[in-house]
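Per chain, numbering begins at 1; letters A, B, ... match sequence-line order. Computation of the quantities below employed the complete heavy-atom set of this structure, encompassing side-chain atoms and omitting hydrogens, waters and symmetry-equivalent molecules. Keep in mind it's a predicted model, so treat the numbers as computed, not measured.
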Number of protein chains: 2
Amino acid sequence: MKESTEYQALSVETLPSRLGRIDEITAHTGTDSSQWEVTEVGDGNLNLVFIVRGPAGSIIIKQALPYVRLVGDSWPLPLYRAFYEYHALTRQQQRAPGSVPEVLYFDEQQALIAMEFLEPHVILRRKLIRGEKVDGLSGFLGTFCAQTAFRGSELSMKSSNKKADVALFAGNVKIPAITEALVFTDPYFAAPMNNHTAGLDPVVTKLRDDVALKVKAQQMLQRFASNTETMVHGDLHSGSIMSTDVQSRVIDPEFVQYGPMGFDIGMLCANFLMAYFSQPAHRKDDLNDYQEWILGVIEQTCHTFESEFRQLWQTERTGMLYPATLFEDQGHDSSHACDAVLSGLWKDAWAICGIEMHRRCLSLAHNADFEDIEDTVARAPLEARNLMLGAELIHNSDTIQDSKHLCELARQFNNKDFL
Amino acid sequence: MKESTEYQALSVETLPSRLGRIDEITAHTGTDSSQWEVTEVGDGNLNLVFIVRGPAGSIIIKQALPYVRLVGDSWPLPLYRAFYEYHALTRQQQRAPGSVPEVLYFDEQQALIAMEFLEPHVILRRKLIRGEKVDGLSGFLGTFCAQTAFRGSELSMKSSNKKADVALFAGNVKIPAITEALVFTDPYFAAPMNNHTAGLDPVVTKLRDDVALKVKAQQMLQRFASNTETMVHGDLHSGSIMSTDVQSRVIDPEFVQYGPMGFDIGMLCANFLMAYFSQPAHRKDDLNDYQEWILGVIEQTCHTFESEFRQLWQTERTGMLYPATLFEDQGHDSSHACDAVLSGLWKDAWAICGIEMHRRCLSLAHNADFEDIEDTVARAPLEARNLMLGAELIHNSDTIQDSKHLCELARQFNNKDFL
């Protein structure tokens with residue numbers, strides 16, 4: 001029951017008449033669309049997001065816009081990202097059940113997805129800025145990252161299915177291209193759309209003069225663009241997670257692609273580290289307690305990831321990689337192989353983590369953890385700590401032992417002045 | 001002017017009537033197909049290959065068979081490999097002009113490619129077994145490998161074109177699957193279709209008990225299957241090269257896929273090393289001279305590869321990776337970045353080299369260099385040297401300095417007894 005008309009952006013006014021006769025939608029809202037209450041809540045950079053509240057319940061309607069909302073129609077962006085988001089959500093639902101909003105309806109031509117309304121969830125980044133804790137967060141995120149990484153790879157998938165998926169998602173060109181430029185390249189020179197906090201110049205100059213750092217960042221870009229190990233969310237920061245005090249969900253996978261298995265967990269750690277470094281500007285009394293809670297989330301998320309990955313290795317290794325025929329069936333323990341895979345995965349993760357820490361302070365799309373600090377004199381030294389730890393991680397991604405080591409480095413850098 | 005009928009295998013008898021009215025073919029053979037002399041010369045494992053000699057000239061007709069010729073119709077194999085071979089040949093022609101036979105005509109439904117007849121070229125492997133030298137071989141091969149590696153990657157290509165190509169070639173599932181199993185996995189356990197020379201058991205047992213070796217081979221499989229750095233030939237051994245005494249061409253790219261940049265050159269070196277180790281059974285008087293000539297080809301092929309790659313880095317780095325905006329435009333030399341890319345590429349190449357040396361003696365498709373040695377008592381110790389150097393390369397791919405170092409190791413292993 002797809003709309004057959006050409007793409008047209010929805011509005012609060014037109015939504016009820018345009019979607020009011022779609023069974024998959026009215027089953028969740030009630031059939032009398034004149035009773036719907038529609039609000040537009042999209043605060044992201046790319047899409048329209050409507051909450052539709054009806055007599056029978058509420059749903060989310062997410063519709064892609066043909067340009068980057070943050071910049072305007074001078075930066076066109078293909079509507080096909082809704083198609084990839086739909087396919088990402090259904091795969092994530094399958095690979096990590098319950099971790100993403102349920103998809104109720106998809107209209108490819110209107111670039112529109114109707115999905116479960118998460119309530120009373122709020123964007124995790126807002127909770128982190130407000131100093132609110134979320135029970136079970138690290139278990140949820142570690143499990144999500146491990147299950148999607150493992151089950152989307154040829155450790156688990158049949159090669160023919162995985163290759164068909166790689167071909168499918170290879171069509172998602174322009175959205176990952178944003179990551180390629182904004183994350184991996186723009187931070188390291190004065191790209192036209194960049195901005196950074198006044199006062200950071202000495203640190204920024206230092207980073208942009210560090211040729212070895214740029215080489216490493218580009219090596220990671222090469223891996224990001226050419227390594228189809230698994231289906232990654234592609235934009236897994238704290239703005240892509242919605243939480244209550246006890247439950248969390250992952251949203252917004254339109255940056256989906258097949259990429260390195262360490263990508264999502266690395267980007268995620270970076271966003272927790274930025275939350276960590278920004279805290280001194282957001283609170284006083286419970287500062288140390290809350291900062292340590294964030295580091296605990298990082299450490300436990302990585303710990304859960306590793307346990308879950310090892311568990312899946314033992315129980316679901318049905319793909320062509322590291323087959324049991326070659327190890328267990330020969331009386332050979334495959335745990336060394338799992339160690340080697342995880343070791344490579346974490347090296348990628350730490351380098352990605354450092355790069356994400358850079359781009360969020362130096363490139364186009366900054367994040368609220370720092371951006372909400374209106375006093376730039378207070379903001380700059382906190383961002384400097386973040387930037388310098390980022391460089392440390394990129395340079396030394398091969399020698400970071402584990403997430404405990406990472407958190408220890410964060411504590412050290414949290415006590416340093418770089419300006 | 002495509003045939004519109006269903007796929008039907010050609011025969012010497014039916015070929016003239018079936019292809020005699022195709023302009024792109026008759027332009028090269030003459031239009032009177034009753035005068036054509038047709039011979040079937042396919043000695044490979046997968047296809048029919050006809051030489052068509054007409055009054056105006058000669059051409060090759062290559063047609064895929066729906067099964068593996070070596071095994072028979074018990075092993076079906078999709079005809080679509082002709083489609084991928086066609087697309088590979090046209091890209092190789094573009095990226096390394098003059099390196100492959102010219103494509104004259106392609107019929108997708110008949111899985112048929114008409115191409116330039118190379119004469120008096122013979123399969124290079126035959127020349128290596130006969131002890132014949134080929135002038136310019138290393139320059140040709142090093143240039144071919146470097147140009148196709150560089151120009152098929154995002155060092156050179158626009159990302160959108162490269163991603164479209166990755167999606168296209170991701171459809172070539174079942175042919176690379178042969179490589180995945182036969183090259184990377186089967187050698188390391190007693191797979192059903194394996195065979196190896198009597199007398200090799202002690203060495204074979206040693207390799208199959210080496211868990212670290214198996215882990216490394218599977219890590220390379222993971223890279224092979226998930227790393228879309230560039231379009232690789234995928235089967236670049238001395239049976240996929242045709243040479244006169246002074247000229248060479250690369251043929252048979254149906255194993256094409258996007259894969260690691262070091263794959264082709266690594267597999268190529270392995271095949272020269274196998275030619276090297278097999279020589280004591282093929283000649284006496286000029287043994288040392290010819291063996292050293294082969295090592296010279298390896299060393300010079302790798303040397304040419306590196307020079308050509310560095311040259312392309314300076315002159316054709318138009319892709320998104322390691323952009324000039326980030327290096328040269330900032331007054332920063334990018335040669336360290338090129339060093340890093342080449343360093344990673346060679347590590348892959350040496351590991352692939354070692355794995356290819358194993359699979360050709362342990363898995364299904366052996367090569368004539370060893371297989372033509374009828375006296376298995378003479379063959380086994382030569383294969384043992386090859387197998388043991390293969391293991392050395394897989395274990396130590398990170399520490400092999402360059403092709404000179406590789407050749408030095410080959411000389412050492414050529415003087416050892418492992419049985």
Side-chain angles (χ1 to χ4, degrees), chain A residues 153-155 159-160 162-174 176-177 180-181 184-186 188-191 208-209 211-212 214-219 221-223 225-230 257-258 260-261 320-323 325-327 329-330 332-334 336-337 339-341 344, chain B residues 153-155 159-160 162-174 176-177 180-181 184-186 188-191 208-209 211-212 214-219 221-223 225-230 257-258 260-261 320-323 325-327 329-330 332-334 336-337 339-341 344:
Chain A
S153 78
E154 281 167 298
L155 293 166
S159 291
S160 51
K162 193 259 189 175
K163 281 176 181 164
D165 242 26
V166 168
L168 178 76
F169 286 99
N172 195 14
V173 172
K174 295 218 171 167
E180 289 158 2
F184 291 94
T185 301
D186 288 0
Y188 303 104
F189 77 110
R208 290 185 180 158
D209 279 346
V211 178
K214 297 198 289 188
V215 170
K216 194 76 193 287
Q218 289 295 304
Q219 287 185 287
L221 172 57
Q222 189 177 345
R223 281 187 64 69
S226 306
N227 198 305
T228 62
E229 280 174 354
T230 196
Q257 66 171 66
Y258 272 76
M261 289 198 290
M320 75 163 176
L321 297 177
Y322 311 90
T325 43
L326 207 53
F327 292 95
D329 295 358
Q330 309 301 323
H332 290 161
D333 185 4
S334 72
H336 292 307
D339 293 345
V341 169
Chain B
S153 78
E154 281 167 297
L155 293 167
S159 290
S160 51
K162 193 257 189 176
K163 282 175 180 164
D165 241 26
V166 167
L168 178 76
F169 287 99
N172 195 15
V173 171
K174 295 216 171 168
E180 289 158 1
F184 291 94
T185 302
D186 288 0
Y188 303 104
F189 77 109
R208 290 183 182 161
D209 280 345
V211 178
K214 296 197 288 188
V215 171
K216 194 76 191 288
Q218 289 294 304
Q219 288 185 287
L221 172 56
Q222 190 177 344
R223 282 187 63 70
S226 305
N227 197 307
T228 62
E229 280 174 353
T230 196
Q257 68 172 63
Y258 273 75
M261 289 197 291
M320 74 162 177
L321 296 177
Y322 310 90
T325 44
L326 207 54
F327 292 95
D329 294 357
Q330 310 300 323
H332 292 159
D333 185 4
S334 72
H336 292 306
D339 293 344
V341 169

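- Heavy atoms of A:Asp209 lying under 4.5 Å from chain B belong to its backbone as well as its side chain.
- Per-residue counts of heavy-atom pairs under 4.5 Å with chain B were compared for A:Ala170, A:Gly344, A:Ala212, A:Ala181; the largest is that of A:Ala170.
- Of the two parts of A:Arg208, only the backbone, made up of N, CA, C and O, holds a non-hydrogen atom closer than 4.5 Å to a non-hydrogen atom of chain B.
- Residue A:Pro260 does not touch chain B at all, counting heavy-atom pairs closer than 4.5 Å.
- Contacts of A:Gln330 with chain B are made by side-chain atoms alone, with heavy-atom separations under 4.5 Å and no backbone atom involved.
- Side-chain contact between A:Lys214 and A:Phe189 is absent, with no heavy atoms from C-beta onward closer than 4.5 Å.
- The ring pair (Phe, Tyr, Trp, His ring centres under 6.0 Å) test applied to B:Phe327 returns no partner, not counting sequence neighbours.
- For a residue to count as touching a neighbouring chain, one of its non-hydrogen atoms must lie under 4.5 Å from one of that chain's; by this rule A:Lys174 does not touch chain B.
- Both the backbone and the side chain of B:Thr325 come within less than 4.5 Å of a heavy atom in chain A.
- The two residues A:Asp165 and A:Tyr258 have their closest heavy-atom pair at OD2-OH, 2.6 Å.
- The parts of B:Ala225 that come within reach of chain A are both its backbone and its side chain, each placing non-hydrogen atoms under 4.5 angstrom from that chain.
- The minimum heavy-atom distance linking A:Phe184 with A:Ala217 is given by the pair CD2-O, 3.7 Å.
- Residue contact with chain A, scored on non-hydrogen atoms closer than 4.5 Å, is absent for B:Lys216.
- Heavy atoms closer than 4.5 Å to chain A are found in the side chain of B:Glu154, but not in its backbone.
- The existence of a salt bridge linking A:Glu180 and B:Lys162 is excluded, since no basic side-chain nitrogen approaches an acidic carboxylate oxygen closer than 4.0 Å.
- Note that the CZ atom of A:Arg223 and the CG atom of B:Asn227 stand 7.0 Å from one another [nearest 0.5 Å].
- Listed options B:Leu326, B:Thr230, B:Leu221, B:Val166 were ranked by heavy-atom pairs under 4.5 angstrom with chain A; first place goes to B:Leu326.
- Between the OG atom in A:Ser226 and the CE atom in B:Met261 there is a gap of 8.0 Å [rounded to 0.5 Å].
- In this structure B:Gln257 satisfies the side-chain contact (heavy atoms from CB on, under 4.5 Å) test together with B:Pro176, B:Phe224, B:Val232, sequence neighbours excluded.
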